[in-house]
Amino acid sequence: MNNLKIYNSISNKKETFIPIDKNNIRIYACGPTVYNYAHIGNARMAVVFDTIVKLLRYVFPKVTYVSNITDIDDKIIKRSLEEKKTCEEISETYLRIYNSEMKKLNVDVPDFQPKATEYVHSMIEKIKHLENQGFAYNKDGHILFSVSSFPKYGMLSKRSKEKQIAGSRVSVESYKINPEDFVLWKPSKKNEPGWNSPWGFGRPGWHTECFAMASDILKTPFDIHGGGLDLKFPHHDNEIAQSCCFQNKKDDFSSYARYWMHNGFVTIDEKKMSKSLGNIVLLKDYLEVYNGEVIRFALLSAHYRSPLVWTESLINQSKNILDKFYEVLRKLEDIKIQRYDLILPKELEVCFFDDLNISNAFVYLNKIIRNKENFKTDKNKKNLKKILMTVSNILGIFKHSPKEWFNEKINTSDENMKIIEALIQKRNVARENKNFSLADDLRKQLTNLGVEIQDGPKGVKWKWLN
RNA sequence: GGCUCGGUGGCAGAGUGGUUAUGCAGCGGAUUGCAAAUCCGUCUACGGCGGUUCGAUUCCGUUCCGAGCCUCCA
């Protein structure tokens, strides 16, 4: 029996995680709309849920992770008109980019990565059922979910309909009976993509796709549903409403998902990164300069539910910390580890199992890498490496060899690498001949190339300067 | 207006009713041909005001400040 505790957004409390089927944990997280390069916020969501899944895989024999791709949406249509390309071309392009960027962040491809367009038929069936049961109505070709048919509406975000100012920041569409009603199906214009349906040529509303795909692939109820905090309302409340009504379990909101997890925002200058503020930063700009693992670690440096302030200094700090651990791994390079060796000491499990308290895990890790005893015998070294490699599997870090890590050419050419090697060689000769002024001069040249030299008892090592 | 969530040392970030994590950066020392790396040591903190308590950063109240949601958004 495990002691995994996760924070459930539905109760606003940490709860012991009790799986529905301990032989197969089922988790769904809302993925991106692919109409542009991924921003840091998209990356945080992907990294956070990838880490949660990795932790679940450490605890349970099987985990099924679904994260969708929204590939039909007004934003994609807009983009396709701007770029004079089809929606499919747009979404395919940015999906490919997204997945290759996620790979650099050591984010595994989910077990299922369904696209909305592949599930339109299922969505139509589900909408039809909702309409037949009286949970949805047709107004001017729009099929709307009738919020008043689901008394528990808003129970996830805990907002009562009466006290909300409906449309406080946006005008309410005239075709809505109740301002909170949301679109399940909307008509498409001639030049817009669409599908034939009982209500004419049109396309699904966004809130239906996740409900349909999660239900079809994972079956309800499933264990965990996640996404960014901004999806809590209305997106996730809308999913719950659809699923509960669809299953005719209006009183049992856990008939859809048992645990809800939400990651916090990335903030820039104390403000949420958002399109309207124009303070979006794109992941690709950082991947050009930093190893993806540095970005991943920076994204994990705050607890997943807290806001994360995105700054250069956070990234540099992350790099320094990873450097330190790679120095340790360099000392353990000769130690071989088997898959079955991968297990954590209790003290570390407690940290990870406490709603992913990575900070506390690092208290322990820092302690054991400082303890000289752990480097004295091969047995101790093996034990240490075992722990680090298990952490590697859970957090998706320490995935490189130390040599790759320190000497990887991110922004340099092969010729440059040859020049560096040659200069180091020349300096070694100079040092052997006690020609220290020449050696120092050569080191200065290397410094100018961004290379830091480390003379050790076993020869010279080098790494890139920050 | 309603509903959430926060305010911890230069920075990041846990946690706890009393021995004030941890890391990064800084500083001092050891070491080194000189360095770097490493090792050892080290300074700053819990928004304000009340209350409960022998004792509160931790509990309660209040206040100020900040962020988010109530619109598409990870």
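All of these numbers come straight from a predicted model, not from anything done at the bench. Convention: sequence-line order gives letters A, B, ...; per-chain numbering from 1.
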**Q.** Side chain to side chain, A:Tyr58 and A:Val391, heavy atoms closer than 4.5 Å
**A.** no
Q: Output the residues of residues 229-244 of chain A in contact with RNA chain B, where contact means a heavy atom of the residue under 4.0 Å from an atom of the strand; sort by number or write none.
A: A:Asp230, A:Leu231, A:Phe233, A:Pro234
I'd like the [atom1] distance from [M] over to [N], given in whole Å.
N	M	atom1	value
B:G28	B:A37	P	15 Å
B:A12	B:C64	P	26 Å
B:A67	B:A30	C1'	47 Å
B:U19	B:A36	C1'	38 Å
B:U44	B:C11	C1'	13 Å
B:G47	B:A56	P	15 Å
B:G48	B:G7	C1'	12 Å
B:G15	B:C59	C1'	15 Å

Using a distance-only criterion (donor-acceptor N/O pair, under 3.5 Å, no hydrogens), is the base of [N] paired with the side chain of [X]?
X	N	value
A:Asp440	B:G33	yes
A:Arg443	B:C34	yes
A:Asp455	B:C34	yes

Is [X] near enough to [N] that one of its side-chain N or O atoms lies under 4.0 angstrom from OP1 or OP2?
X	N	value
A:Lys272	B:C69	yes
A:Arg370	B:U38	no
A:Asn357	B:G15	yes
A:Asn12	B:U4	no
A:Lys324	B:C24	yes

Looking across every strand, which nucleic acid part, if any, lies under 4.0 Å from [X] by heavy atom: base, sugar-phosphate, or nothing?
X	result
A:Asn366	sugar-phosphate
A:Val266	base
A:Gly228	sugar-phosphate
A:Tyr364	nothing
A:Gly456	nothing
A:Gln454	base

Just the rounded figure in Å: distance from [atom2] of [N] to [atom1] of [X].
X	N	atom1	atom2	result
A:Arg431	B:U32	CZ	P	13 Å
A:Tyr153	B:C3	OH	P	18 Å
A:Lys367	B:U22	NZ	C1'	11 Å
A:Ile321	B:A37	CD1	P	16 Å
A:Leu299	B:A12	CG	P	16 Å
A:Phe406	B:U38	CZ	C1'	12 Å
A:Leu356	B:A14	CG	C1'	13 Å
A:Phe436	B:U32	CZ	P	13 Å

Q) Salt bridge check: are A:Lys186 and A:Asp74 linked by an N-O gap of less than 4.0 Å? A) yes
Q. Using a distance-only test with no angle check, is there a side-chain donor-acceptor pair under 3.5 angstrom linking A:Asn42 and A:Tyr37?
A.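 Judged by distance alone, the side chains do not pair up.
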Q. Taking the six-membered ring for Trp, are A:Trp464 and A:Trp462 parallel (under 30°), tilted (30 to 60°) or perpendicular (over 60°)?
A. perpendicular
Q: Return the orientation label for the A:Tyr256 and A:His225 ring planes: parallel under 30°, perpendicular over 60°, tilted otherwise.
A: tilted
For [Y], is there any backbone N or O sitting under 3.5 Å from a side-chain donor or acceptor partner on [X]?
X	Y	value
A:Lys324	A:Leu322	no
A:Arg26	A:Tyr65	no
A:Asp50	A:Asp108	yes

Taking only the side-chain heavy atoms of [X] (C-beta and beyond), determine which of [options] contains the nearest atom.
X	options	value
A:Lys372	B:A12, B:C39, B:C72	B:C39
A:Lys271	B:A36, B:A21, B:G68	B:G68
A:Asn360	B:C72, B:A37, B:A21	B:A21

**Q.** Which atom of A:Ile453 lies closest to which atom of A:Arg427, heavy atoms considered
**A.** CG2-NH1, 3.3 Å
Q) When you look at CD of A:Glu88, are more than 12 heavy atoms from neighbouring residues, nucleotides or ligands closer to it than 6.0 Å? A) no
Q: Count the heavy atoms belonging to other residues, nucleotides or ligands that lie under 6.0 Å from CG of A:Asp269, then report whether that count exceeds 12.
A: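 It does not: A:Asp269 CG has 12 such atoms or fewer within range.
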Q) Is RNA chain B part of any stem, that is, at least 3 consecutive Watson-Crick or G-U pairs with both distances under 3.5 Å, and where? A)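 Consecutive-pair runs (3 or more) involving RNA chain B: B:1-7 with B:64-70, B:10-12 with B:22-24, B:26-30 with B:38-42, B:47-51 with B:59-63.
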(Q) Reading RNA chain B from 5' onward, which residue's closest nucleotide shows up sooner: A:Arg427 or A:Tyr7? (A) A:Tyr7
Q: Assign each of A:Ser359 and A:Arg305 to its nearest nucleotide of RNA chain B by heavy atoms, then name whichever residue's nucleotide is nearer the 5' end.
A: A:Arg305
Q: Quickly, which of A:Val66, A:Asn68, A:Leu95 forms a side-chain contact (heavy atoms from CB on, under 4.5 Å) with A:Gln113? Name it, please.
A: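 Result for side-chain contact (heavy atoms from CB on, under 4.5 Å) with A:Gln113: A:Leu95.
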**Q.** Cationic tip of A:Arg305 above A:Tyr7 ring, under 6.0 Å, 45° of axis
**A.** yes
